[in-house]
Amino acid sequence: MTITEKIMAYNSGRDKVTPGELVWTDVFSVMTMDYLGKETFKMFDSLGRPEVFDKDRVICVSDHLVPPPTPQFATMLNEWREAVKAHDITYFYDLGRQGIAHQIMVEQGHVLPGKISVGTDSHANTYGAVGAMGNAVAVSDAAVAMATGKSWFRVPEQVKFYVTGTWQPWVMAKDLSLHIMGMMRWNGHLIYKTLEFAGPAIDALDMAGRMTLCNMTVDLGAKNGIIAPDQRTIDFLRPVQKGTWDMIASDPDAHYEAIYEIDVTNLGPTVSRPDKLDDVVPVETVVGTKFNKAFVGTCTNGRLEDIAMVAKILEGKQVHRDVNFLLVPASTQIMKDAIKAGYISTLLDAGVAVDTPSCSACAGIHTGVAGDGDVVLSAGNRNMKGRMGSKNAAIYLTSPAVVAASALKGEIVDPRKF
Amino acid sequence: MIIKGKAWTSREYIMSFDMVVQRFWTSPIDKTENAKFIMAGVDAKYDRENAFKDEGYTFIVAAHNFAGGGKSIEHCVTGLMGAGIQTVFADSFARLQFRNAINYGLPFVTAKNVIDMVETGDELEYNLETCELKNLTNGQSMMTAPVAPFVAEVAKAGGLMDFIRQKIKDGTVGELR
Ligand code: SF4
C-alpha cells in the first residue's frame, strides 16, 4: 500500500482502501481562519452539537485580513473573535501571535504524520510536508468535522515523483514545483490525485522546501502532496507536536497510477509567466523583463529559509530605485527568528519593506495589492489575472532567490549569474 | 429520475474564481443571491444580474478540471443550483468543488469526452438511475460514471448538513465509516 492508502485505511478502520472509493475517516485537526471562520462556526452551530469534538484540535488563525484593511473587515474580524471565544477554542492565533494558517498548523505541531487534517483554505495540502494528509475543504465540511471529528473523502489515485540528483546553488524547492507545473500542465493528469514525493533529492530538502513543494500541489490541480516522515520530520516536530504519532511510509511494492522521475541536477531557476500558472519557462527565457514590484511571502515562500536566501543576496546592496520590494514573514515565529538572525535589518538596510505576518498581497484583498500597469515579480503561488488586485497587473511567479537577485537590477536576472 | 433540459458547454478550463468573481467571495451562501452573477468572469456577458440564469440551462458540459483553481468557496455550487443547473458533466472535476457539489446534492458526473457530443443549446436527457445521457438534438448518447450510493444518500437527505443533523439527532455519527 502507499502511504496515502495506509493513512486513509487506518483512519477509517479499514484494512485497505481503493482509489475512487468514498470513505469517512477520523480527522485529527480542523483549521479555520478569519474570513471564513465566522461562517464555519455559524454552520457548526446549526448542526445541533453544543461543543466542538475537541477544543484542542480546532485551530483558529487570523491571517488573510490582519491587521484589517477596511472598517468592514475590522467588523468581520470582531465577529470572528466573538465566535472563537464563544466556542472556547484552546489555540487561537490572533493578531500579535498570528501567521498564515498553514504555516502555523505545521510549525506549531497541529498536524502529524499519518493523520488527516482539514482546513477551510485551499493550501491545507501544505501539511503533507510532515507526512500528514492535508485537505482543503469548504465551510460546511469543516463544520461537520468540528462536530463529529470525521470527514468524508474520495480515495485519490496516486502519482509518485521520484526525485534524484543534487540541488544546485540558488535553486530552490519552488523551482521544482514550477518545473513540475510546466512538465505536467493543467491537462488532467494530476487532477484530484495525491502526489507523493520521494527520492534522495527530497530526503535532502529541509522542512521549508518540503512545505513549498506540498503547498503548490493544489495549484497543479492535485488533491494533495505528501512526503513520508524521516529523521528531519522527527527533529522538526518533537519540540512542538500536539499529540503522538508513528512512522509511516509506502511499501516498496505499492501501486501508483504513474511514476515520474526527475533529476534536479539540471534544474535551474524557473519562472511562471503571467496569467497561466502552467506557462512555465527557465529563467533564461525571461531575463531582462522589467518589473516594478517584488513580493516575497505567502504560505509558499514566507519561511525563514526563504528570508535567509533573500538576505544573503541583498546583504550590503540596494534594491533598484524603481522597485517596491515587500517581504512578509509567514508567521510571528518566523519574524522573531528572522530578527534574531539579523535578516530583517539586512533587508531594511537594502530598501525592502517588511510587514507584519499575514497573507498580505497574495490574494489581492489585504495589503500591498497590485494596481493598473504593475508588473509584479512574486514568490507566491498564483498569478491569474486580478489575483493580487488589478486585472491590469501582470504577475511573474518564481523563487525568492530570483526575486531578490532581480530586485537589485529592476529586471529579471538569473541568480546564478548576478 | 430523469432530468431534461438545455446544456451550456465549454472546452476551456472553467475556473472557480471566474464562476464567482472576487467581489462575491465573502457573500453569504444563498442560492438565489449567488446565482445572480454566476459565470461573471467566464464570459463578460454574464456580468449582468441573472444573465446566465436567464438563458435557462439545466446542464453544464465541460472538459477537464471543471471549477478548478482551488478556491474553497461554496458559492460556485450554490450559484449554479440557483441558476437552475441540475447536473454537471465533465472529464474531470477540481476536488474542492466536487466536494461542495456532493455536499449540496448537485451531481457532478464524470463522463469521458462528453464535450464531443454536446453543443451549447442542445437538449439533453439524463437518467440518474441508468446513468445514460442522451443528446435529443443530435441523437447521440453515452454512459456516464455511476453516482456513488453515499452521494445519493446525501442528496436524498437534502445535502450534507441535513444528513449530519439527522445523524447527530439519531446518535449515529459514530457509525460513519
Ligand atoms: S498566503 Fe496566499 S495562498 Fe496562502 S493562504 Fe494566504 S492567501 Fe492563500
Side-chain angles (χ1 to χ4, degrees), chain A residues 12-14 20-25 35-36 39 42-43 46-49 72-73 76 119-125 135-144 147-154 156 186-189 191-193 218-219 221-224 276-277 363-365 382 384-387, chain B residues 13 15-18 21-23 25-29 41 63-66 68-78 90-104 110 112 145 148-151 153-154 159-169 172-177:
Chain A
S12 68
R14 288 173 167 76
E21 204 179 335
L22 297 182
V23 297
W24 282 87
T25 75
Y35 86 101
L36 291 173
E39 201 66 24
K42 205 169 102 194
M43 288 275 197
S46 79
L47 282 170
R49 275 243 155 128
Q72 176 210 356
F73 283 143
M76 195 169 164
T120 55
D121 184 90
S122 40
H123 287 91
N125 50 359
N135 298 280
V137 296
V139 296
S140 44
D141 281 306
V144 166
T148 63
K150 289 169 189 281
S151 195
W152 68 266
F153 296 102
R154 178 183 171 281
W186 277 349
N187 58 7
H189 287 323
I191 304 301
Y192 219 125
K193 294 173 189 165
V218 69
D219 302 299
K223 173 181 172 61
N224 66 323
K276 283 229 158 97
L277 204 48
I365 53 173
R382 290 180 176 167
M384 54 278 207
K385 264 198 192 357
R387 168 66 180 183
Chain B
Y13 297 134
M15 307 307 273
S16 51
F17 49 77
D18 287 331
V21 293
Q22 202 161 20
R23 61 184 198 272
W25 290 352
T26 50
S27 306
I29 300 288
H64 267 299
N65 198 16
F66 181 75
K71 281 246 38 96
S72 57
I73 46 174
E74 307 186 11
H75 312 62
C76 298
V77 167
T78 50
D91 274 290
S92 65
F93 296 97
R95 63 167 290 277
L96 268 168
Q97 301 309 335
F98 178 77
R99 288 193 75 85
N100 292 340
I102 288 180
N103 291 347
Y104 279 94
T110 310
K112 290 269 169 268
F150 157 72
V151 176
E153 239 185 289
V154 169
L160 180 75
M161 295 298 280
D162 283 332
F163 177 77
I164 293 294
R165 269 178 209 122
Q166 196 54 48
K167 298 254 171 221
I168 287 175
K169 229 196 219 150
T172 54
V173 163
E175 290 162 19
L176 287 172
R177 271 301 171 206

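Naming convention: chains lettered A, B, ... in sequence-line order (proteins, then strands); numbering from 1 in each chain.
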Student: Would you say the side chain of B:Arg95 lies within less than 4.5 Å of the side chain of A:Asn224, judging by non-hydrogen atoms?
Tutor: no
Student: Less than 4.5 Å to any heavy atom of chain A: does that hold for the side chain of B:Leu176, its backbone, both, or neither?
Tutor: both
Student: What are the two closest heavy atoms between B:Ile168 and A:Gly48, and how far apart are they?
Tutor: CG2-O, 3.9 Å
Student: If you compare all heavy atoms of B:Met161 against all heavy atoms of A:Ser46, which two are closest, and at what distance to 0.1 Å?
Tutor: CE-OG, 3.6 Å
Student: Going from CG on B:Leu160 to CH2 on A:Trp152, what distance comes out if it is rounded to the nearest 0.5 angstrom?
Tutor: 8.0 Å
Student: B:Arg165 and A:Leu47: which non-hydrogen atoms are nearest, and at how many Å?
Tutor: CG-O, 3.7 Å
Student: Measure the NZ-CE distance between A:Lys385 and B:Met15 for me, rounded to the nearest 0.5 Å.
Tutor: 13.5 Å
Student: Could you grab the distance from atom CD1 of A:Ile191 to atom CG of B:Asn65, nearest 0.5 Å is fine?
Tutor: 3.5 Å
Student: Can you classify the ring geometry of A:Trp24 versus B:Phe163 as parallel (below 30°), tilted (30 to 60°) or perpendicular (above 60°)?
Tutor: parallel
Student: Looking at B:Asp91, B:Asp162, B:Ile102, B:Val151, which one has more heavy-atom pairs under 4.5 Å with chain A than the rest?
Tutor: B:Ile102
Student: Report which part of A:Lys150 has an atom under 4.5 Å of a heavy atom belonging to chain B: side chain, backbone, both, or neither.
Tutor: side chain
Student: B:Leu96 and A:Ser122: which non-hydrogen atoms are nearest, and at how many Å?
Tutor: CD1-CB, 4.1 Å
Student: To the nearest 0.5 Å, tell me how far A:Met384 CE sits from B:Phe17 CZ.
Tutor: 4.0 Å
Student: I need the A:Lys42 NZ to B:Ile29 CD1 distance, nearest 0.5 Å.
Tutor: 9.0 Å
Student: Please report the interatomic distance CD(B:Glu74) to CG(A:Leu36), rounded to the nearest 0.5 Å.
Tutor: 8.5 Å
Student: At a heavy-atom separation under 4.5 Å, does A:Met76 approach chain B through its side chain, its backbone, both, or neither?
Tutor: side chain
Student: At a heavy-atom distance under 4.5 Å, which candidate from A:Glu39, A:Arg14, A:Glu21 has the highest pair count against chain B?
Tutor: A:Arg14
Student: Is B:Tyr104 close to chain A through its backbone or its side chain, or both, or neither, when contacts mean heavy atoms under 4.5 Å?
Tutor: side chain
Student: In this structure, which one of B:Phe66, B:Phe98, B:Phe93 forms a ring pair (Phe, Tyr, Trp, His ring centres under 6.0 Å) with A:Tyr192?
Tutor: B:Phe98
Student: Can you give me the closest heavy-atom contact between A:Ser151 and B:Arg99, atom names plus distance?
Tutor: OG-NH2, 3.3 Å
